[in-house]
Amino acid sequence: MLDELLATAALVGTAGVVYVAAAARVVKQYERGVVLRLGRLRGGIRPPGFTMIIPGVDRLRKVNMQIVTMPVPAQDGITRDNVTVRVDAVIYFKVVDAADAVIQVEDYRFAVSQMAQTSLRSIIGKSDLDDLLSNREKLNQGLELMIDSPAMGWGVQIDRVEIKDVSLPETMKRSMARQAEADRERRARIINADAELQASKKLAEAAGVMSEQPAALQLRLLQTVVAVAAEKNSTLVLPFPVELLRFLERAQAQPGAPTVEQIPTRPRPDEHKDDEFVLDEPKGDKFGREEAEDEFPLDNPGASPLLGPD
């Protein structure tokens, strides 16, 4: 009798251990459990930790509650201004209701992926090329709203959507480069013209100041000469001041100043009257009459005589 009781107890214990092993489930911290009993939703959501189900009757579905990062495949489309582009994006979402993610949609990941691709194509057709290139924040918000509206019924919340890259044809890239170059050249010309206008105004003011004091022009000339002379690899041409020439003219025009015709000449010696002339040079070079007549023709009454030293 005792042996039979011990065998029965061992059998019950073994069956209990087998039952517990079959019914025990562990839900991780970032997961939630959904129990379907005979195909129907049973009770609430199972929290993280150890939980029990009825083997063969209940079925536990674990749903990941973490934020999922899903790349959206590149989509080819035509913008509103008839430009062919290729756009890809990335979407961040998470499950907020585990029961709806299991009951309302067959595969919420595939559903979100297809909705993201469709919405991306739609946003490409509604936008201009300039908006895709420079106004991405607004497009990201519009794309997020388009995906989030149906996803809320699936127990999924769209955290954010980002457009990653916009690929353009090579011809369009060259056209945009030429446009940017032309715009930069236009701005450079406007800046140069504005600089010339400001410089002309300042030069006009400087000319007005220098006209009151003529010496200021000479001082400015000397400053320019000093600035140019600092460069050793340039040739400096110094202009002759006009005021100095005028001073010499006034000095020559004064009464009593000797002229060229009034300068006395020394008579030629008799011994050299017929043969040769003597020039008042340091070495007393001599040359014949024929050469002197060729150099200074005597038959010309307007020719100036040889000048000797005073």
Side-chain angles (χ1 to χ4, degrees), residues 25 27-48 51 58-170 172-173 176:
R25 295 290 186 274
V27 180
K28 297 180 182 180
Q29 180 65 37
Y30 54 85
E31 295 177 340
R32 298 294 183 270
V34 178
V35 178
L36 298 176
R37 179 168 295 176
L38 298 178
R40 299 183 61 181
L41 183 63
R42 174 69 174 83
I45 305 300
R46 299 295 175 91
T51 185
D58 294 343
R59 183 180 178 185
L60 180 66
R61 293 280 301 273
K62 298 179 181 179
V63 180
N64 193 336
M65 307 296 289
Q66 292 176 317
I67 296 178
V68 180
T69 303
M70 178 181 295
V72 181
Q75 303 296 314
D76 294 328
I78 300 177
T79 61
R80 190 167 56 181
D81 50 353
N82 298 326
V83 179
T84 303
V85 295
R86 185 178 180 88
V87 182
D88 58 349
V90 59
I91 181 172
Y92 303 88
F93 66 94
K94 64 180 179 180
V95 177
V96 294
D97 192 338
D100 288 342
V102 174
I103 302 300
Q104 299 297 332
V105 63
E106 180 181 2
D107 186 354
Y108 66 90
R109 289 175 178 265
F110 181 75
V112 171
S113 176
Q114 295 300 314
M115 180 58 65
Q117 296 180 35
T118 306
S119 301
L120 183 59
R121 283 179 175 270
S122 177
I123 206 72
I124 291 174
K126 295 179 181 179
S127 305
D128 295 330
L129 179 61
D130 294 338
D131 294 335
L132 288 175
L133 296 177
S134 61
N135 196 12
R136 293 189 180 182
E137 291 295 332
K138 183 178 179 180
L139 297 180
N140 293 337
Q141 294 177 2
L143 191 59
E144 179 180 347
L145 291 176
M146 293 178 65
I147 304 175
D148 189 60
S149 298
M152 289 299 296
W154 305 335
V156 177
Q157 178 183 355
I158 306 300
D159 189 63
R160 64 184 302 153
V161 182
E162 295 287 343
I163 295 177
K164 292 172 60 178
D165 187 24
V166 179
S167 300
L168 299 175
E170 293 297 330
M172 180 57 64
K173 291 181 180 179
M176 294 176 64

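What you see is a predicted model; the values in this text were computed from it and never measured.
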side-chain contact (heavy atoms from CB on, under 4.5 Å) against [X], all qualifying residues, sequence neighbours excluded:
X: P47; value: none
X: L145; value: none
X: R136; value: N140, V166
X: T84; value: I78

Residues that [X] engages under side chain to side chain donor-acceptor pair (under 3.5 Å), provided they are two or more places apart:
X: R160; value: E162
X: D76; value: R86
X: D128; value: R80
X: D130; value: none

### Task
Sorted by first residue and then second, give each side chain to side chain donor-acceptor pair (under 3.5 Å) pair with at least one member in residues 145-156; sequence neighbours left out.
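Applying side chain to side chain donor-acceptor pair (under 3.5 Å) to every pair that reaches into residues 145-156, excluding sequence neighbours, yields nothing.
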
### Message
Tell me which pairs pass side chain to side chain donor-acceptor pair (under 3.5 Å) where either residue lies in residues 31-40, with sequence neighbours left out.
### Response
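Qualifying pairs, neighbours excluded: R37-D58.
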
### Query
Okay, side chain of S122, backbone of T118: is any donor-acceptor separation there less than 3.5 Å?
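Not at all, since once roles are kept as given, no pair shorter than 3.5 Å links the two residues.
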
### Task
Flag yes if more than 12 heavy atoms outside R25 fall under 6.0 Å of its CZ atom; otherwise flag no.
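More than 12 heavy atoms, drawn from other residues, nucleotides or ligands, come within 6.0 Å of this atom.
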
[X] to [Y] - nearest heavy-atom pair and separation:
X: D88; Y: V72; result: CB-O, 3.8 Å
X: K28; Y: P48; result: O-CB, 3.4 Å
X: L139; Y: S127; result: CD2-OG, 3.1 Å

Check: [Y] and [X] side chains under 4.5 Å, non-hydrogen atoms:
X: L129; Y: L168; result: yes
X: V35; Y: R46; result: yes
X: L41; Y: L36; result: yes

### Message
Test side chain to side chain contact (heavy atoms under 4.5 Å, CB included) on L60 and V34; report intermediate values, then the result.
### Response
CA-CA 6 Å; L60 180 66; V34 178; 5.8 Å; no

### Residue list, salt bridge (charged side-chain N to carboxylate O under 4.0 Å, His left out) with E170, at least two apart or on another chain
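K173.
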
### Task
Please round to the nearest 0.5 Å and tell me the distance separating atom CD1 of I163 and atom CG of N135.
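Taking CD1 in I163 and CG in N135, the distance rounds to 10.0 Å.
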
### Query
When rounded to the nearest 0.5 angstrom, what is the spacing between CG in D159 and CD1 in I67?
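Rounded to the nearest 0.5 Å, the CG-CD1 separation comes out at 5.0 Å.
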
Name every donor-acceptor pair, under 3.5 Å, that has one atom in a side chain of residues 90-112 and the other anywhere in the protein, sequence neighbours excluded.
| from | atom 1 | to | atom 2 | distance (Å) |
| --- | --- | --- | --- | --- |
| D97 | OD1 | A99 | N | 3.2 |
| D107 | OD1 | R109 | N | 3.3 |

### Task
Give the C-alpha distance, both sets of side-chain angles, the deciding distance and a yes or no for side chain to side chain contact (heavy atoms under 4.5 Å, CB included) between M176 and L133.
CA-CA 12 Å; M176 294 176 64; L133 296 177; 3.4 Å; yes

